[in-house]
Amino acid sequence: MANRGRSLHPLRPLRPGRRSQSDLASLFRSGDVGILFEPQRLDTLWQDAAGVTPISTYGQGAQRLGDRSGGGHHATQASAASALIYGRHPVGGTRNQLIQTESFTGWQQAFLSATTGVTDAEGGKRAATLLRTADGDGAISVAAGLASASPIVVSVDAKAGASDWIVVQATLLPSPAGAYAVFNAATGAAGITGVYGTNAPTLSAPIPPVSLGNGWWRFFLKFTPHAASVGLTFSSWFKPVSANVSNQTTNVGQSITIARPQVEVGASATTYQRVGNAHDVTEAGKSDCYYGLCDGADNSLATAAFAWGSDKVYLCAAVRKNSDAAVGIIAEFSPTVATNNGMFQLAAPISLANNYSFTSKGTVAASASYTNAAVAAPHFAVIECIADIATDTSQLWIDGVMVAASGVDQGAGPFGTYQLFIGRRNNATLPFNGLLYGLMGLNRLPSDAERATARRLMAAKQGRTL
Amino acid sequence: MTSAVLILPAAARDAGNALGASMGWGPSSYSVALSPTGSAPATHYGCCAEVSAGFLALLASPPPEAAPVLAVLTIDTRETADPGAHWHEVLAAHGLVMVSDD
């Protein structure tokens with residue numbers, strides 16, 4: 001099914017008194033103190049800290065997240081460069097590493113012109129006809145990052161035009177290095193394949209072409225990069241040629257039509273994902289998951305200072321931890337644990353390892369940390385944190401399972417009056433690298449049933465069931 | 001939108017923040033302290049932002065008042081869903097790490 005032209009999801013603000021168990025806001029009772037941030041709620045997302053200009057598209061920075069707890073503890077960021085990035089991905093996450101896979105905007109066109117909006121194999125208008133307009137190695141190409149030496153699959157639909165043949169090619173760095181496979185788009189026959197360069201990749205066993213009907217075929221190039229190429233970018237090239245050759249510098253007028261390009265890490269080709277900008281990815285038949293991106297560099301928000309009002313904390317956060325390479329603060333109540341009492345902190349990771357950690361501190365810090373390969377980044381999690389200073393309780397739960405607890409005497413409470421920082425310590429250091437789908441905090445310990453509701457609704461934001 | 005990593009020498013931070021503010025980016029664009037060792041004092045300050053084609057066009061044809069900042073500005077742009085990786089790669093390429101608060 002075509003997956004195009006989708007607009008931002010409609011939302012209706014909820015009316016007081018009509019909240020249901022399908023709404024996290026229903027967990028807040030009269031008198032509760034806390035926060036509730038849900039980045040998929042467009043009625044709470046703003047491009048500016050003052051809340052004047054709403055978010056209108058994916059990839060925009062959110063400088064204001066409205067608090068849905070009812071307490072008015074909205075989180076803001078004065079500097080646009082440090083705003084959380086609003087985006088969406090399909091359930092399961094993003095696989096297609098390309099951008100603008102249907103408009104081809106920003107793709108490099110060398111010695112050819114691309115006409116977009118052409119009818120594709122499914123009757124949509126997602127294809128582009130490539131016409132060689134000058135002598136040279138005519139190609140359309142786009143770059144992507146190369147994070148590891150794992151196998152990569154390049155996929156593309158193609159239909160013969162003035163050319164029967166198409167070259168699917170990957171060019172890697174350090175240059176020259178690359179791999180290619182040639183196909184006949186009229187018959188679906190596979191042609192020659194090859195690699196080149198000092199740091200040449202390795203070709204894998206070919207993936208057979210797939211007939212899509214109406215003269216369309218889907219072709220694949222699978223290769224494993226050389227270690228020297230890791231950490232650099234590489235480009236996917238698509239070239240119309242008149243014969244079973246990898247390179248042709250003449251033959252102006254050759255043309256071929258392509259659609260639904262995809263580049264993914266893995267052993268096999270998977271279902272096509274449409275990519276607009278890098279923060280707008282969808283997949284036919286899969287729900288969208290909406291997030292605020294903390295970039296691991298400088299993205300963070302903070303509330304104004306408010307009194308927590310008790311010695312108890314319940315936090316529930318839905319996140320995707322992208323990296324374990326640097327300490328990251330998801331949320332911290334106070335500028336830092338080091339010098340402030342009556343505070344709490346959720347970190348992912350807390351050291352350069354596969355972990356999560358929760359710290360509760362009356363006058364003494366009690367940390368519940370969990371290190372395990374099972375939570376190595378990238379990792380989706382619904383994290384619950386439970387603390388009670390009076391009973392020396394500090395617990396960390398992941399996906400409904402308690403994974404760590406501390407009974408250290410936390411000293412005296414209650415929790416204090418501070419700003420709540422989201423994404424960085426004190427808006428300055430220890431940036432979290434990951435996606436935030438939801439964050440709630442409550443100054444009481446909810447019932448098991450309330451917690452189950454919180455977990456279920458948070459997991460649903462990630463397309464998961466808990 | 002495009003991921004942009006921008007780095008300024010510490011001495012140019014105030015001027016960079018002032019330029020950013022004049023462009024509507026708010027008061028403290030360059031908020032990440034950087035140094036070769038990760039220890040204070042910061043030698044540079046950086047930021048990582050999603051920027052528009054209009055912003056990139058402005059860099060290509062900047063107003064005169066931006067010249068002193070642009071003369072010492074390091075900028076790297078990339079289309080990516082992983083700006084965090086972009087950020088760390090650029091820092092590594094320039095021999096800088098984030099200053100720890102420990």
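For the numbers below, each heavy atom of this structure counts, side chains included, while hydrogens, waters and symmetry mates do not. A, B, ... follow the sequence lines: proteins, then strands. Residue 1 opens every chain.
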Undergrad: Applying salt bridge (charged side-chain N to carboxylate O under 4.0 Å, His left out) as the test, list every pair that has at least one member in residues 78-90 of chain B; sequence neighbours left out.
TA: B/R78-B/E89
Undergrad: Sub-3.5 Å donor-acceptor pair from the side chain of A/D298 to the main-chain atoms of B/C48, do we have one?
TA: yes
Undergrad: If I measure from the heavy atoms of chain B, does A/L293 come under 4.5 Å with its side chain, its backbone, both, or neither?
TA: side chain
Undergrad: For A/A81 and B/S29, which heavy atoms make the closest approach, and how far apart are they?
TA: CB-O, 4.1 Å
Undergrad: Let's test your reading of the structure: which of B/A81, B/A92, B/A49 forms the most heavy-atom pairs below 4.5 Å with chain A?
TA: B/A81
Undergrad: Can you measure from OG (B/S100) to CG (A/L430) and round to the nearest 0.5 angstrom?
TA: 6.5 Å
Undergrad: To the nearest 0.5 Å, how far apart are CG in A/N277 and OG in B/S3?
TA: 11.5 Å
Undergrad: If you count heavy-atom pairs under 4.5 Å with chain A, which of B/C47, B/S52, B/A85 comes out on top?
TA: B/C47
Undergrad: Measure B/T80 against the heavy atoms of chain A and call it side chain, backbone, both or neither at under 4.5 Å.
TA: backbone
Undergrad: So which atom in B/V32 and which in A/R424 form the shortest heavy-atom distance, rounded to 0.1 Å?
TA: CG2-NH1, 3.7 Å
Undergrad: Minimum heavy-atom separation for B/M98 and A/G296, please, with both atom names.
TA: CE-O, 3.9 Å
Undergrad: Supply the atom-to-atom distance B/H88 NE2 to A/D295 CG, rounded to the nearest 0.5 angstrom.
TA: 8.5 Å
Undergrad: Is atom CD of B/E65 surrounded by more than 12 heavy atoms (other residues, nucleotides or ligands) closer than 6.0 Å?
TA: yes
Undergrad: Of the backbone (N, CA, C, O) and the side chain (C-beta and beyond), which part of A/A338 lies under 4.5 Å from a heavy atom of chain B, both, or neither?
TA: neither
Undergrad: Counting C-beta onward and ignoring hydrogens, is there a side-chain heavy-atom pair between A/S79 and B/S31 closer than 4.5 Å?
TA: no
Undergrad: With a 4.5 angstrom heavy-atom cut-off, could you sort out which part of B/W25 is near chain A: side chain, backbone, both or neither?
TA: both
Undergrad: With a 4.5 angstrom heavy-atom cut-off, could you sort out which part of B/H86 is near chain A: side chain, backbone, both or neither?
TA: neither
Undergrad: For a 4.5 angstrom cut-off between non-hydrogen side-chain atoms, does B/E50 reach A/H279?
TA: yes
Undergrad: Under the ring pair (Phe, Tyr, Trp, His ring centres under 6.0 Å) test, which residues partner B/H44, sequence neighbours left out?
TA: none
Undergrad: Under 4.5 Å from any heavy atom of chain B, what part of A/N426 do you find: side chain, backbone, both or neither?
TA: neither
Undergrad: First locate atom OG of A/S82, then atom OH of B/Y30, and finally report the distance between them rounded to the nearest 0.5 Å.
TA: 11.5 Å
Undergrad: At their closest point, which heavy atom of B/G84 faces which heavy atom of A/N433, and how far apart are they?
TA: CA-ND2, 3.8 Å
